[in-house]
Peer 1: 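Provided herewith is a single structure, encoded as structure tokens, for subsequent inquiry.
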2 protein chains.
Amino acid sequence: MKLSTKGRYGLTAMVDLALNAGEGPVSLRTIAERQGLSENYLEQLISGLRNSGMVNSIRGAQGGYVLGKKAEDIRVGDIIRVLEGPIAAFECEANDDPECCEKLDYCVTRTIREKVRDPVEDVLDSITLADLVKDPQTMDSLTDDEDKPENKPEDKADDQKEA
Amino acid sequence: MKLSTKGRYGLTAMVDLALNAGEGPVSLRTIAERQGLSENYLEQLISGLRNSGMVNSIRGAQGGYVLGKKAEDIRVGDIIRVLEGPIAAFECEANDDPECCEKLDYCVTRTIREKVRDPVEDVLDSITLADLVKDPQTMDSLTDDEDKPENKPEDKADDQKEA
DNA sequence: ACAAATCCCGAGTGTTTTAGTAAGATATCC
DNA sequence: GGATATCTTACTAAAACACTCGGGATTTGT
């Protein structure tokens with residue numbers, strides 16, 4: 001479930017681009033250097049973003065990349081989908097027959113698929129690049145927690161590695 | 001970003017268990033057969049779930065697994081975290097120094113991390129196993145909540161302080 | 001025209017993760 | 001005691017990951 005470097009680097013690059021929108025193209029070398037990423041690797045990642053129209057490229061010296069649309073029209077979900085494939089994909093395990101679920105009394109894949117996938121995608125699609133470069137307080141409508149306790153629940157249910 | 005089979009199989013098994021709650025232990029073989037999964041593989045996955053207290057095991061003949069808490073107290077986010085590690089993890093790329101972001105004018109990782117991670121986790125944590133086994137229409141409150149700003153996912157009397 | 005900068009593209013590579021299989025040990029019911 | 005289960009560890013083929021590398025195409029400045 002965690003984002004791989006593809007998603008992280010790509011999202012980072014997009015935010016960098018958004019921060020520098022309207023100031024001419026930004027080269028991959030510039031992004032790679034100030035974000036501490038591999039330029040060559042970033043090249044591969046951004047090609048998908050270019051193909052999907054989220055960035056435009058300007059070739060040649062003094063070239064680089066610019067956002068292909070307004071930051072508020074680029075959704076985080078779109079970026080993730082391009083870089084990492086479908087979000088929270090649940091596929092029927094039995095086979096590709098869409099009716100297989102009907103035959104199995106206990107096939108729960110479809111239920112999970114319908115109920116979990118969409119809300120997650122909705123959240124990612126509700127956040128745009130513009131949201132990511134806005135000042136923190138304007139993000140409150142998304143996080144909705146000005147009085148968030150932020151207490152770490154003491155159940156450490158996520159470490160089966162150590163111990 | 002997509003769930004691996006670990007998350008899918010584990011979630012599927014948990015839903016299966018929830019559907020059969022109160023009817024005695026369910027063996028992995030039973031789950032594996034009716035969901036079309038590998039029993040041996042499922043064994044490995046469920047051990048993490050057991051260690052975190054989400055399922056209890058009964059050994060021996062006629063043994064199996066039962067939910068360790070009520071279905072409404074088991075969050076999908078918890079299951080995913082146990083099986084797949086932290087959700088939507090963004091780590092600082094530079095190093096582990098929490099102050100590294102302060103030094104880089106353009107380090108955007110922290111921004112993304114804070115703004116994207118929490119909403120996704122919130123969604124996953126707002127869906128419980130009970131939601132997944134409920135009839136479809138009762139799930140509407142989760143999927144079309146974009147026009148109800150007042151309906152924040154308040155802590156619905158969940159005591160995640162299990163002994 | 002030429003060199004430098006830059007995007008573009010595909011191939012190659014070491015490491016890690018995935019998605020299991022397999023086998024044996026332990027515990028419980030009948 | 002035997003059948004049924006959980007538990008635990010070890011092993012592995014294949015895929016994905018996270019790059020590196022080399023070369024080609026395009027534009028800019030001189």
Side-chain angles (χ1 to χ4, degrees), chain A residues 1-13 17 20 24-33 35-68 80 83-86 89-91 93 160-161 163, chain B residues 1-13 17 20 24-33 35-68 80 82-86 89-91 93:
Chain A
M1 192 62 188
K2 85 181 141 201
L3 255 37
S4 69
T5 57
K6 289 181 188 173
R8 297 208 304 274
Y9 292 2
L11 208 38
T12 299
L17 248 25
N20 293 89
V26 181
S27 73
L28 279 193
R29 165 157 304 177
T30 302
I31 297 176
E33 280 177 358
Q35 302 297 342
L37 309 177
S38 156
E39 180 186 353
N40 283 329
Y41 191 32
L42 215 43
E43 239 173 40
Q44 297 177 18
L45 302 183
I46 209 163
S47 86
L49 265 6
R50 178 175 43 80
N51 289 337
S52 64
M54 280 183 273
V55 299
N56 290 331
S57 60
I58 293 99
R59 301 181 68 162
Q62 272 64 53
Y65 293 88
V66 293
L67 291 186
I80 305 275
L83 294 168
E84 310 229 22
F90 271 91
E91 276 141 49
E93 299 304 324
Q160 68 269 29
K161 287 185 172 55
Chain B
M1 193 63 187
K2 85 180 140 202
L3 256 35
S4 68
T5 57
K6 288 181 188 173
R8 296 207 304 274
Y9 292 2
L11 207 38
T12 299
L17 249 25
N20 293 89
V26 181
S27 72
L28 281 193
R29 166 156 303 175
T30 302
I31 296 176
E33 279 177 359
Q35 302 298 340
L37 310 176
S38 157
E39 180 186 353
N40 283 328
Y41 190 32
L42 216 43
E43 245 173 34
Q44 298 176 19
L45 302 183
I46 210 163
S47 86
L49 264 8
R50 176 175 45 78
N51 289 337
S52 64
M54 279 182 274
V55 299
N56 290 331
S57 60
I58 293 98
R59 300 181 68 163
Q62 273 63 52
Y65 293 89
V66 293
L67 291 186
I80 306 271
V82 166
L83 294 168
E84 309 230 22
F90 271 92
E91 276 140 49
E93 298 304 325

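Protein chains get the first letters and strands the later ones, always in sequence-line order, with residue 1 at the start of each. As the structure is a computational prediction, the values presented were derived from the model and not from experiment.
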Peer 1: When you compare the side chain of B/Ile31 with that of B/Leu17, does any pair of heavy atoms fall below 4.5 Å?
Peer 2: yes
Peer 1: Taking all non-hydrogen atoms of both residues into account, name the closest pair between A/Leu83 and A/Gly7 and its distance.
Peer 2: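 Residues A/Leu83 and A/Gly7, closest heavy atoms: CD1-CA, 4.0 Å.
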Peer 1: What closest approach, in Å, do A/Gly63 and A/Pro25 show between heavy atoms, and which atom pair accounts for it?
Peer 2: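 Closest approach of A/Gly63 to A/Pro25, heavy atoms only: C-CB, 3.8 Å.
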Peer 1: Kindly state each residue pair satisfying salt bridge (charged side-chain N to carboxylate O under 4.0 Å, His left out) with at least one member in residues 47-58 of chain B, sequence neighbours excluded.
Peer 2: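 Those involving residues 47-58 of chain B do not exist here.
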Peer 1: To the nearest Å, how far apart are B/Leu28 CG and D/dC7 C1'?
Peer 2: 11 Å
Peer 1: Identify, between A/Gly63 and B/Gly60, the residue whose nearest nucleotide on DNA chain C lies closer to the 5' end.
Peer 2: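 It is A/Gly63 whose nearest nucleotide is closer to the 5' end.
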Peer 1: Counting only side-chain heavy atoms from C-beta out, which of D/dC21, D/dC7, C/dA5 sits nearest to B/Glu43?
Peer 2: D/dC7
Peer 1: Within the side chain of B/Glu43, is there an N or O that forms a donor-acceptor pair under 3.5 Å with the backbone of B/Leu28?
Peer 2: no
Peer 1: Given atom CG of B/Leu3 and atom C1' of C/dA19, what is their separation to the nearest angstrom?
Peer 2: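 In whole Å, C/dA19 C1' lies 15 Å from B/Leu3 CG.
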Peer 1: Starting from P on C/dT6, measure out to CD on A/Glu39 and report it in whole angstrom.
Peer 2: 9 Å
Peer 1: Is the side chain of A/Glu84 donor-acceptor paired with the backbone N or O of A/Leu3 at a distance under 3.5 Å, no angle test?
Peer 2: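 No, A/Glu84 side chain to A/Leu3 backbone: no donor-acceptor pair under 3.5 Å.
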Peer 1: Taking 4.0 Å as the cut-off, does a side-chain nitrogen or oxygen of B/Tyr65 come that near to OP1 or OP2 on D/dC7?
Peer 2: yes
Peer 1: CG of B/Leu17 versus C1' of D/dT6: gap in Å, rounded?
Peer 2: 14 Å
Peer 1: Flag the pair B/Tyr65 / B/Leu49 as yes when at least one side-chain heavy-atom distance between them is below 4.5 Å, and no otherwise.
Peer 2: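 Of all side-chain heavy-atom pairs linking B/Leu49 with B/Tyr65, none is under 4.5 Å.
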Peer 1: Rounded to the nearest angstrom, tell me the gap between atom CZ in B/Arg29 and atom P in D/dC7.
Peer 2: 15 Å
Peer 1: Distances for protein N/O vs nucleotides 15-18 of chain C N/O pairs under 3.5 angstrom?
Peer 2:
{"from": "C/dT18", "atom 1": "OP2", "to": "B/Lys6", "atom 2": "NZ", "distance (Å)": "2.7"}

Peer 1: Please pick, from D/dT28, C/dC7, D/dA5, the nucleotide with the shortest atom-to-atom distance to any side-chain atom of A/Gln62.
Peer 2: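 Closest of the options to the side chain of A/Gln62: D/dT28.
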Peer 1: Would you mind reading off the distance between A/Leu42 atom CG and C/dC9 atom C1', rounded to a whole angstrom?
Peer 2: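 Those two atoms, CG and C1', are 16 Å apart.
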Peer 1: Show the numbers, then the answer: is there a salt bridge (charged side-chain N to carboxylate O under 4.0 Å, His left out) between A/Glu39 and A/Arg29?
Peer 2: CA-CA 6 Å; A/Glu39 180 186 353; A/Arg29 165 157 304 177; 3.3 Å; yes
Peer 1: What residues from residues 44-59 of chain A pass a heavy-atom cutoff of under 4.0 Å to DNA chain D?
Peer 2: A/Gln44, A/Arg59
Peer 1: Answer yes or no: does a side-chain N or O of A/Ser38 lie under 4.0 Å from OP1 or OP2 of D/dA18?
Peer 2: no
Peer 1: Using atom CG of A/Asn40 as one end and atom P of D/dC17 as the other, report the distance to the nearest whole Å.
Peer 2: 19 Å
